[in-house]
Protein chains: 2
Amino acid sequence: MGQDIAGRGDPVKLLELLWGRDKAPRRGPKPKIALEQIVQAAVDIADAEGIEAVSTRRVADAVGISPMSFYTHVPSKAELHDLMLDHIAAPGKEAPPDWPQMDWRARMTLVAEAMWGFYLQHPWVLQFQTHRPVLGPNTLAAYEVALGSVEGIGLDDLEMDLAVTALMDIVVGTVRNAAREKTVRDATGMSDDEWWRRIEPFLETIDYAPYPISSRVGPVAGAEYGAGDPHRAFKFAFERFLDGMELMLERKAGRKA
Amino acid sequence: MGQDIAGRGDPVKLLELLWGRDKAPRRGPKPKIALEQIVQAAVDIADAEGIEAVSTRRVADAVGISPMSFYTHVPSKAELHDLMLDHIAAPGKEAPPDWPQMDWRARMTLVAEAMWGFYLQHPWVLQFQTHRPVLGPNTLAAYEVALGSVEGIGLDDLEMDLAVTALMDIVVGTVRNAAREKTVRDATGMSDDEWWRRIEPFLETIDYAPYPISSRVGPVAGAEYGAGDPHRAFKFAFERFLDGMELMLERKAGRKA
DNA sequence: AAATAACTCTTTACACCGCACAACGTTATG
DNA sequence: CATAACGTTGTGCGGTGTAAAGAGTTATTT
């Protein structure tokens, strides 16, 4: 493996799978199972136990085929990952009906919050290197909705893309800290409180003289961690970003007028 | 493996390793190698070939010990990862000398750009789930420097933490797209151009009616990807954020006055 | 000085992984 | 009815993390 990056194989093959464009084979036995079942099973495993629990053998077993039969349906594990990504992008393909009446701030906030929820539901997505975009139907549709949040508010096309990219990047950057909690407790069987209690005696032996600001700003040890609520961090960052966007729009409007 | 999360073992043991507080053993032969050599070797491998190339066997081999001897020095691979993270945080422990003369925007930008460079140098860091903070000396020191960029500009302690967290999150969110490029080319042996040329014929067969905005805003297929320069995306997001911060500071100053 | 405890290092082994390869069975086409 | 194209399966290879047990080395205790 070269770490989960599709594309070593034929990238067109992947697109065909994403868009259901498999030229229907005319000979040979009917497949026991459909591609979608494989992808769904893989997503279920990832949601429940993390991406590292998704092995080709395990997925094959879940849908009732032999380990190697997996490779009849999917070229390699890398392609499975891309198929999984497009698969879970299916919800959120449609903008809410009251979309047009909302102002851009509300729309961007809605998109960002939806995305936040999305990553919390599928935290394993964050473990992938973002790579060449998964050009599947669901992914494209979700991007279309996101773009719609900044349509017609005074940005040119490039700025629209930059704004939406910034939105996504801010969500991804902040939600990682939120996804952590559940994952870590599951993996270590230790709550944050318990972890904290365990290390506290050691932390008291550290000389904090070299860290004057840190030791003032938060209980040093738990600075990043204990300061806390990742969603609050997200809201802080996103509010500043939106304020900055507003300033930009005002400047642009002023220049034009 | 439960995906690379330290803590299943004794978290205090990890702290002892991070701070070099191993109670020196008085019996038995002297260790053939030092912990630092192991960690350095692991970082070298990760920098060169990605985190997935870092196996306990490989690291042991690199420092000249048998595979299992690794476990005499490090409780498990998870702890190795945390040690690696603190190890690479060593540079950037010190703020530049002209630090005090700079205004807060320049300081935050400097910190953010340094962080950007850091992640490009060690892109494998982005593949980890952020989890409980690595409370090592280097990590703490780096955090101290980052906090220093917003010291004394009118924020309270909590806001300082939020501002620095936002800075880090924006960098992480955007730099992922930059780290992608090198990694993907290495893994697939295919340049972005070549990849694009390969899939273009297929993309022309897609009906873009459902994606009116996307197909206008960019060449649809390459929307996120082709829109491009990740560092430009970072600058866009970060500039908006800084503008928003400035507004916040003005509001606070106004309220006080 | 001898015994022992504590330590490092090594070998062996296990259960897992992705997947190449070859064999076999099934189906539609010539 | 032969054949080509396909789905499925079993075997096997080289890799993984690490448990367990043993061998060798050193400082402490007796």
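On a predicted model such as this, the values are computed, not experimentally measured, just so you know.
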Step-by-step salt bridge (charged side-chain N to carboxylate O under 4.0 Å, His left out) determination, B/Arg198 to A/Asp10: CA-CA 9 Å; B/Arg198 287 277 290 280; A/Asp10 183 357; 3.3 Å; yes

Of the listed nucleotides D/dA27, D/dC6, C/dC9, the one nearest the side chain of B/Lys32: C/dC9

Separation of C/dC17 C1' from A/His81 NE2 (nearest whole Å): 12 Å

Shortest side-chain distance from B/Ser55, nucleotide among D/dT8, C/dG18, D/dT16: D/dT16

Candidate nucleotides C/dT27, C/dT8, D/dT18, ranked by approach to the side chain of B/Pro29 - the nearest: C/dT8

Shortest side-chain distance from A/Met68, nucleotide among D/dA27, D/dT8, C/dC21: C/dC21

OP1 or OP2 of D/dG7 under 4.0 Å from side-chain N/O of A/Thr72: no

Rounded distance (Å) that lies between atom P of D/dG17 and atom CD1 of B/Ile51: 11 Å

Touch class at under 4.0 angstrom, heavy-atom based, for A/Val74 against every strand present: nothing

Ring geometry between A/Trp116 and A/His231 (parallel below 30°, tilted from 30 to 60°, perpendicular above 60°): perpendicular

B/Pro67 or B/Gly28, whichever maps to the more 5' nucleotide of DNA chain C: B/Gly28

Minimal non-hydrogen separation, B/Lys93 against B/Asn138, with atom names: NZ-OD1, 3.1 Å

A/Arg27 CZ - D/dA4 C1' separation (whole Å): 5 Å

A/Thr205 OG1 to B/Trp19 CH2 distance, which is reported to the nearest 0.5 Å: 8.5 Å

Interatomic distance where NZ belongs to A/Lys30 and C1' belongs to D/dT8 [whole Å]: 15 Å

Distance, rounded to the nearest Å, where A/Lys77 contributes NZ and C/dC17 contributes P: 8 Å

Whole angstrom value for the distance that separates P of D/dA19 from CZ of B/Phe70: 12 Å

Earlier contact from the 5' end, DNA chain D, for B/Ala53 and A/His73: A/His73

Most 5' of B/Tyr71 and A/Ile33 on DNA chain D, judged by nearest nucleotide: A/Ile33

Listed nucleotide nearest any side-chain atom of A/Ser69, set D/dT8, C/dC9, C/dA6: D/dT8

Separation of D/dG17 C1' from B/Arg58 CZ (nearest whole Å): 16 Å

Protein-nucleotide distance (A/Leu35, atom CG; D/dC6, atom P), rounded to Å: 17 Å

For B/Ala233 against A/Thr165, the heavy-atom pair lying closest together: CB-CG2, 4.1 Å

Quiz item: B/Arg57 side-chain donor-acceptor pair to D/dG17 base, under 3.5 Å: yes

